[in-house]
Amino acid sequence: MAKATIRILRYNPEGDAAAPAHQDFAIDVEPTDRVLDALNHIKWYVDGTLTFRRSCAHGICGSDAMRINGVNRLACKVLMRDVGSRVTVEPLMGFRVIKDLVVDMDAFFAQYRSVLPYLINDSRPPERERLQSPEDRERFDDTTKCILCAACTTSCPSYWANEEFVGPAAIVNAHRFIFDSRDSAPGERLEILNNREGVWRCRTIFNCSEACPREIKVTKAIGEVKRAILYRQST
Amino acid sequence: MLHGDLDGLEDLVVAEYQTHEHDVLVIGAGGAGLRAAIAAAAEGVSVGVVSKSLLGKAHTVMAEGGMAAAMANVDDRDDWRVHFADTMRGGQYLNSWRMAELHAREAPDAVRDLEAWGALFDRTPDGRILQRNFGGHKYPRLAHVGDRTGLEMIRTLQDKGTHSGIHFHMECTVLALLKDGERVAGAFGYDRERGRFRLLRARAVVLATGGIGRAYEITSNSWEYTGDGHALAYQAGAALQDMEFVQFHPTGMVWPPSVRGILVTEGVRGEGGTLVNSEGRRFMFDDIPENYRAHTAASPEEGWRYTQGDKNARRPPELLTRDHVARCIVREVREGRGSPHGGVYLDIAWIREKLPNAAEHIRKKLPSMYHQFKQLADIDITKEAMEVGPTTHYIMGGIRVDGDSQMSTVPGLFAAGECAAGLHGANRLGGNSLSDLVVFGKRAGEYAARFAREHGAATVDTDSVDAAARQALEPFERNGSGEGPYQVQHTLQEMMQELVGIVRREEEIVRALSCIGELRARAERVAVPGNREYNPGWHTALDLPNLLTVSEAIARSALERRESRGGHFRDDYPEKDPAYGSFNLILRKGPDGEMSITRESIPEMPPELKQIIEENK
């Protein structure tokens, strides 16, 4: 056991809601505890009102993205020994804070829905499955790993500056259909992403790629979409 | 004075709640709930979906291995009959044979539906959906995407659902089902963000709330799994069945302590991973059940060939059913042959003796496992063995339903997925859960839509709604005078793990029942500080009655079944007793409010199904 201080940016919307403020919690942790375990410890034994989202607790549902020492991470995938004995935990930037570490994801999901994130193919499927070669399938493998945690979008300076920007996560989810050999509407999505709040707001800063807990090459995927738009316009 | 003060009083005094009306209300937004909602919407009725968490975060997302369906893409000897026989054998013949038949017949089309909606699958060289080996399945049968099949399934259904005109109530918890006489009339709950009550009127309700893993200390399940659907149905008068059958997955992480219980996919063993004790012995070869001997490899060499796709080889004993593998691990640990942290070793690194590019192969086939151990345990699974032990994973028991329609014993109330019983009998085969979700989710949605069309609007009894609202707010009124909800929850989890876990005996179960009584009294006195806006303590306080109901159901059934079968192992009755093979244990809320237990005979299987089982012995 070692001592650690967890500094949490807290906000309570009720009554005369005060501005968000940091609060320190000194607790005992194991070096192998995750930041999520530290937050649970505080909630269970110190302050039962501490609020954060979590579901699966092993990095696949994408509920517990938050800013840990200034960097977007999943709390269930960061070990205490890797963040030091003083850890600052804050909600994702760029979204309205509902309470403590819980942010309003409505705008994020709306942007995601705006890129038509579903297969479009009006031809009748064959009696068995549609065929897809392993190479065609590999083409968009990386972007299907997305867990919609919003770590990329909320690490993007272009998004901070302009919340109308569709954001990296939505582009990643468009990418998987644009490059899916079974989809018949890539043009429609490219048109959506070619508008003024689409891919051209991306300044290739790479924050998104660094923030992605799934190690998706987000900036690369955005670049591929940009090139697909240019290629389409030139043909 | 209520703590939520004006908000709360306003709700109660004028008895007005934010009200929604749907033809079909689906409670739960995992694989089964979303599939039910899509099916109901396709029937042209209005559909609402309630989920405790955000859309797309449900426990289904964690499924790794794949979904079982006899598509015969990899081995053309497979067909639904073999899948049916495998499922029945795995379930020790306590399954609803009708559900096992429908599931085996319809799973291939259910996979193809997902594919048609854009789901990604790994492919065979000629472009068909690839299938992999899994425990208890005779042929490679699991359609999959690496080890993230559940994520792909939930995303596909979520995307399909959001443009099917379905109304989603995200981060909303249901407190009670509402009835109009015998039939269901909707549900009553609250939104977690604001803490405001919601009245959800419906002509038919589908429960798809998943499992009960959070009643145990060591579990692979996410926080949502508090037995809500089981408890809601039970309180509404529906019957539960087979609640003694809890699946302890043999391979959960055991170290470090913070991640104890997190799942290590069966896919590791499917790719050739071996289970080894501290003496370096592959102990699974020492205990092969008689009814599986003919299907099991005679040597490690034959087992390896099986994992590499040799159709003439039989599977290694590591791929025996989960109940058996879990018990063998417990035996090794109890008899002093365990690993340093109380598990055994799961070794995939050894395949470097067989494959030149083993490390790369492992990272490609099992990427999530590679990262999970690297990040959380500082173990490189391409070089070292993992330490694993059993973790509470799944409940075979649940709401008793009609095999065809998925309707419970309450008219208009349907159930699908893990919260429903029948398909898996005494033990579930890996891969049969994801297919269960889509096969029976679809059926539940279709039959619920039909029920809604054939029945008029139901009337909601406002007194029972007000009573539920008052009861839900009680923890605020006790602020300062009672203990917190987390302590009660933790005590329950430790107690269930200790007394009604993987190895059970009568005196321990009896003790568990008396503990549950005491915990119920404590739960009724818990106090919660703060107010109704997104208050985790309040949410936990409202989960407790459900956790206690399912814990009692498990304990009562476990006490009654004086034999060992499938997921239920009694140290005091270690053998299977044929007399217990002909009935299911049924639980209902008695007229006195107490839980009553009865035995109901399993209907006679039609001769053509019997013959299939004979032919596949």
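Residue numbering restarts at 1 for every chain, and letters A, B, ... go by the order of the sequence lines. Only a predicted model underlies this, so the values are computations on that prediction, with no experimental measurement involved.
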The residue among B/Asn535, B/Leu544, B/Thr540, B/Val528 that forms side-chain contact (heavy atoms from CB on, under 4.5 Å) with B/Pro475 is B/Val528

Using only heavy-atom distances, determine whether the side chains of A/Thr5 and A/Asp24 contain a donor-acceptor pair under 3.5 Å.
no

Most heavy-atom pairs under 4.5 angstrom with chain A, which of B/Asp113, B/Val145, B/Ile129?
B/Ile129

Tell me, side chain or backbone of B/Trp538 under 4.5 Å from chain A's heavy atoms, or both, or neither?
neither

Any side-chain heavy atom of A/Met80 within less than 4.5 Å of one from A/Glu30?
no

Smallest separation among heavy atoms of A/Pro13 and A/Lys99, with atom names:
CD-CG, 3.8 Å

What part of A/Ile60 gets within 4.5 angstrom of chain B, counting heavy atoms only: side chain, backbone, both, or neither?
both

Among B/Gly146, B/Ala58, B/Pro256, B/Gly537, which residue forms the greatest number of heavy-atom pairs with chain A at distances under 4.5 Å?
B/Pro256

Look at the side chain of A/Asp142 and the backbone N and O of A/Lys217, then say whether any donor-acceptor pair between them is shorter than 3.5 Å.
yes

Under 4.5 Å heavy-atom distance to chain A, tell me which part of B/Leu376 shows up: side chain, backbone, both or neither.
both

Please classify the contact of A/Arg54 with chain B as side chain, backbone, both or neither, using a heavy-atom distance under 4.5 Å.
both

If you count heavy-atom pairs under 4.5 Å with chain B, which of A/Asp180, A/Val102, A/Asp82 comes out on top?
A/Val102

Name the region of B/Leu54, side chain, backbone, both or neither, that has any atom closer than 4.5 Å to a heavy atom of chain A.
side chain

Output yes when a side-chain donor or acceptor of B/Lys57 lies under 3.5 Å from a complementary backbone atom of A/Cys61, and no otherwise.
yes

Please look at A/Arg137 and chain B and tell me whether the side chain, the backbone, both or neither of the residue comes under 4.5 angstrom of a heavy atom of that chain.
both

Can you find a heavy atom in the side chain of A/Pro168 that is under 4.5 Å from one in the side chain of A/Ile222?
yes

Identify which of A/Glu135, A/Arg214, A/Arg53 forms the greatest number of heavy-atom pairs closer than 4.5 Å to chain B.
A/Arg53

Can you tell me which of A/Cys76, A/Ala57, A/Pro126, A/Gly62 forms the most heavy-atom pairs within a distance under 4.5 Å of chain B?
A/Gly62

B/Gly261 backbone acceptor or donor facing B/Thr391 side chain under 3.5 Å:
yes

Mind ranking B/Ser258, B/Ala116, B/Ala119 by heavy-atom pairs under 4.5 Å with chain A and telling me who comes out on top?
B/Ser258

What are the two closest non-hydrogen atoms of A/Cys208 and A/Val218, and how far apart are they?
SG-CG1, 3.6 Å

Highest number of heavy-atom pairs under 4.5 Å with chain B: which of A/Lys145, A/Glu129, A/Glu215?
A/Glu129

Measure across A/Ser55 and B/Ser222 and return the closest heavy-atom pair with its distance rounded to 0.1 Å.
O-CB, 3.0 Å

Given that the side chain runs from C-beta out, which part of A/Arg176 has a heavy atom under 4.5 Å from chain B: side chain, backbone, both or neither?
side chain

Please round to the nearest 0.5 Å and tell me the distance separating atom OG1 of A/Thr49 and atom CD of B/Glu533.
12.5 Å

Report which part of B/Ile154 has an atom under 4.5 Å of a heavy atom belonging to chain A: side chain, backbone, both, or neither.
neither

For the residue pair A/Ser133 / B/Arg123, report whether a side-chain donor-acceptor contact shorter than 3.5 Å exists.
no

A/Ile147 versus chain B, heavy atoms under 4.5 Å apart: side chain, backbone, both or neither?
both

For A/Lys43, the option from A/Val46, A/Asp47, A/Asn40 that meets side-chain contact (heavy atoms from CB on, under 4.5 Å):
A/Asn40

Scored by heavy-atom pairs under 4.5 Å with chain B, the best of A/Tyr112, A/Phe177, A/Phe140 is A/Tyr112

Atom group of A/Asp37 that falls short of 4.5 Å from chain B, counting heavy atoms
side chain

Toward chain B, the part of A/Leu148 with a non-hydrogen atom under 4.5 Å:
both

Go through the atoms of B/Trp117 and report whether side chain, backbone, both or neither lie under 4.5 Å from a heavy atom of chain A.
backbone

Heavy-atom pair with the smallest gap, counting every atom of A/Thr143 and A/His175:
OG1-ND1, 2.8 Å

Heavy-atom donor-acceptor pair, A/Arg10 side chain to A/Ala21 backbone, under 3.5 Å:
no

May I ask you to decide if A/His22's main-chain N or O and A/Arg7's side chain share a donor-acceptor pair within less than 3.5 Å?
no

Between B/Gln489, B/Arg148, B/Met71, B/Gln375, which has the largest tally of heavy atom pairs under 4.5 Å with chain A?
B/Arg148

Heavy-atom proximity to chain B below 4.5 Å, by part of A/Arg124:
neither

Donor-acceptor pair, B/Arg192 side chain versus B/Thr173 backbone, under 3.5 Å?
no

Relative to chain A, which segment of B/Pro367 carries a heavy atom at a distance below 4.5 Å: side chain, backbone, both, or neither?
neither

Of all of B/Lys160, B/Arg155, B/His59, which one pairs up most often with chain A through heavy atoms under 4.5 Å apart?
B/Arg155

Under 4.5 Å from any heavy atom of chain B, what part of A/Arg130 do you find: side chain, backbone, both or neither?
both

Heaviest contributor of heavy-atom pairs below 4.5 Å to chain A, chosen from B/His163, B/Glu171, B/Gln372, B/Glu224, is B/His163

Is it the backbone or the side chain of B/Tyr225 that comes under 4.5 Å from a heavy atom of chain A, or both, or neither?
neither

Check each atom of B/His539 against the heavy atoms of chain A and say whether the ones under 4.5 Å are side chain, backbone, both or neither.
neither

Could you look at B/Asp122 and say if it's the side chain, the backbone, both or neither that has a heavy atom under 4.5 Å from chain A?
both

